[in-house]
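Atom set for the values below is all heavy atoms of this structure, side chains included, hydrogens, waters and symmetry mates excluded. All chains are named by letter (A, B, ...) in the order of the sequence lines, taking the proteins before the strands, and each is independently numbered beginning at 1. Treat the numbers as computed from the prediction; the structure is a model and nothing was measured.
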Protein chains: 2
Amino acid sequence: MATDGPRAGRPRDNRVDAAIVAATRELLAEVGYAGLTMDAVAARAGVGKAAIYRRYSTKPEVAFAAAVHGVDLRPPGDTGSLLGDLTALAEVIVGHLSNPAASRALMSLLGEIGNDPELTRQFLTTFVEPEVAGNAELLQRAVDRGELAEMPDVELFHSAFGGAVMAWLLVHHRPPKGFPERLARFMHAALTGDT
Amino acid sequence: MATDGPRAGRPRDNRVDAAIVAATRELLAEVGYAGLTMDAVAARAGVGKAAIYRRYSTKPEVAFAAAVHGVDLRPPGDTGSLLGDLTALAEVIVGHLSNPAASRALMSLLGEIGNDPELTRQFLTTFVEPEVAGNAELLQRAVDRGELAEMPDVELFHSAFGGAVMAWLLVHHRPPKGFPERLARFMHAALTGDT
DNA sequence: CTGGTTCCGGAACTCGTAGTTTCGTATTTT
DNA sequence: AAAATACGAAACTACGAGTTCCGGAACCAG
């Protein structure tokens, strides 16, 4: 499915795309997902609602696009040790989810998942698959280094790692100073048996 | 805050309470939280909407009450070993969240949390606090047995344990056979350093 | 330059749902 | 008996998601 050539008619204005994403991010941070209205997004962006629905088909999709915008999920490179890699990964995840707009949007989207198959597909391909692949690389490096005797259960590890951050933020709203290091040590112990 | 004595006027009908909860649970399982309408709950329960709003003030509260109904969060008693206790706890949590109605309701409610302070308070006192207390007991027993050298970080443990189940169900929808045991061994390793 | 197509902001519109109110009636306490 | 609260049913209000139409602008092919 190659990209279509230039379609007939007036092309879409990139600034409209940017304005929609920016307005959505601002409003998500200010009023949260439940308080987010498409009329408000259109007004803030200085855009007609039709322009929004030309790009996205539902409100959750708009919020998803805004929350994901600019997120790079690839884990940082090799730090030379498993604990270092885990800490770096934790810092990246916590860093993203500490952004109130991203965090609130994501939590709300989790509620929509299971009701909206298309959204579920986007969530899986955009978040879960790259994350699992990144985790697998990270763990494989540790095996190659000899830090791990055998390849651990990547899916379980992924759920435990990401779920821990999610659950913590759900309860405490903010990660305390040093949280990534604590989490990394916890997961390191689970993998290697060293405390 | 003692319970008030009998108020004047006609008392509330217990069967109405039960019918509302039952209808909500059924509909949650059938159409999910997003598809749940208060009119449908009232119709299914054979009840006026006013009777519902006399008991709950918002839709999320109704869903919360229905999802929580009958849930006993106290961890099962002492099995004699940390690994046994962890396995039993995992089985209870996974068992509850495998119920589609409870799972879908809970996921959706997570999205509302952060937007609704009253709901957040209910969530914390109903779920988080008893869970953390139960985890603390479980870990303290392990310390007393000598299985753990010192008391671990209970809050981190709680987030990692519950978050892992949440995240797994979010991605995979169903816990596979043996999932509680795998999770319990993972957490056991994180705590003790034994793999 | 012209006609066809797609875009733009703006506004009006439809439709569904949360939550409130009202009505006539039933059940309880004082 | 009177006051208070409950009940089912239905009408009602308020508001937001998503659609459609407008006049006008930007692009492509001929």
Side-chain angles (χ1 to χ4, degrees), chain A residues 3-24 27-28 30-66 105 108-109 111-112 115-116 118-119, chain B residues 3-24 27-28 30-66 105 108-109 111-112 115-116 118-119:
Chain A
T3 329
D4 291 334
R7 284 191 299 176
R10 176 177 177 172
R12 291 194 184 162
D13 189 337
N14 293 333
R15 290 168 309 184
V16 170
D17 296 73
I20 291 170
V21 169
T24 305
L27 288 167
L28 275 174
E30 290 171 22
V31 299
Y33 179 84
L36 185 75
T37 69
M38 303 306 279
D39 288 283
V41 171
R44 175 78 62 107
V47 146
K49 278 206 294 178
I52 302 177
Y53 282 101
R54 216 172 279 124
R55 292 167 169 75
Y56 310 97
S57 49
T58 63
K59 166 177 163 174
E61 269 188 37
V62 178
F64 182 80
S108 301
L109 287 167
E112 307 289 333
N115 300 320
D116 185 333
E118 170 59 18
L119 199 63
Chain B
T3 328
D4 291 333
R7 284 192 303 174
R10 176 178 177 171
R12 290 191 185 164
D13 188 338
N14 292 333
R15 290 168 309 184
V16 171
D17 296 73
I20 292 171
V21 169
T24 306
L27 288 166
L28 275 174
E30 290 172 21
V31 298
Y33 178 83
L36 185 74
T37 69
M38 302 308 278
D39 288 285
V41 171
R44 174 79 60 106
V47 145
K49 279 206 296 177
I52 301 177
Y53 282 103
R54 215 172 278 123
R55 292 166 168 75
Y56 310 96
S57 50
T58 64
K59 165 177 163 173
E61 270 188 37
V62 178
F64 182 80
S108 301
L109 287 166
E112 307 288 334
N115 299 320
D116 186 333
E118 169 60 18
L119 199 63

On DNA chain D, nearest-nucleotide positions of V47(B) versus G9(B): which is more 5'?
-> G9(B)
Starting at the 5' end of DNA chain C, which residue's closest nucleotide do you reach first, A8(B) or K59(B)?
-> K59(B)
Rounded to the nearest 0.5 Å, the CZ atom of R44(A) sits from the CD atom of E30(A) at a distance of 4.5 Å
Gap between atoms CG and P, on D17(B) and dA6(D) respectively (whole Å) | 11 Å
Hey, which sits more toward the 5' end of DNA chain D by its nearest nucleotide, R12(B) or K49(A)?
-> R12(B)
Can you give me every donor-acceptor pair (side chain of residues 17-24 of chain A, partner residue at least two apart or in another chain, under 3.5 Å) with its distance?
{"residue": "D17(A)", "atom": "OD1", "partner": "R55(A)", "partner atom": "NE", "Å": "3.2"}
{"residue": "D17(A)", "atom": "OD1", "partner": "R55(A)", "partner atom": "NH2", "Å": "3.2"}
{"residue": "D17(A)", "atom": "OD2", "partner": "R55(A)", "partner atom": "NE", "Å": "3.1"}
{"residue": "T24(A)", "atom": "OG1", "partner": "I20(A)", "partner atom": "O", "Å": "2.7"}

Round to a whole Å and report the spacing from CD1 of I52(B) to C1' of dC7(D).
-> 13 Å
Rounded off to whole Å, could you give me the CG-to-P distance for the N14(B) and dC7(D) pair?
-> 10 Å
Touch check for R15(B), heavy atoms < 4.0 angstrom, all strands: base, sugar-phosphate only, or nothing?
-> nothing
Would you give me the side-chain donor-acceptor pairs under 3.5 Å for residues 32-42 of chain B, sequence neighbours excluded?
{"residue": "T37(B)", "atom": "OG1", "partner": "A40(B)", "partner atom": "N", "Å": "3.1"}

Taking only heavy atoms on the protein side, list every residue of residues 32-46 of chain B lying under 4.0 Å from any atom of DNA chain C, sorted numerically.
-> L36(B), T37(B), M38(B)
Which pairs, protein N/O on one side and nucleotides 22-24 of chain D N/O on the other, fall under 3.5 Å?
{"residue": "dG24(D)", "atom": "N2", "partner": "R10(A)", "partner atom": "NH1", "Å": "3.2"}

Think R54(B) has a side-chain N or O under 4.0 angstrom from the OP1 or OP2 of dC7(D)?
-> yes
Which nucleotide sits closest to the side chain of P11(B): dT20(C), dG8(D), dT28(C)?
-> dT28(C)
Can a side chain N or O of R55(B) be found less than 4.0 Å away from OP1 or OP2 on dC7(D)?
-> yes
Terminal axes of the helix from dC1(C)-dG30(D) to dT30(C)-dA1(D) (5 end pairs apiece), angle rounded to 10 degrees, sit apart by 10°
Taking only residues two or more places apart in sequence, or in another chain, which ones meet R15(A) in a salt bridge (charged side-chain N to carboxylate O under 4.0 Å, His left out)?
-> D13(A)
To the nearest Å, give me how far apart OH (Y53(A)) and P (dG18(D)) are.
-> 4 Å
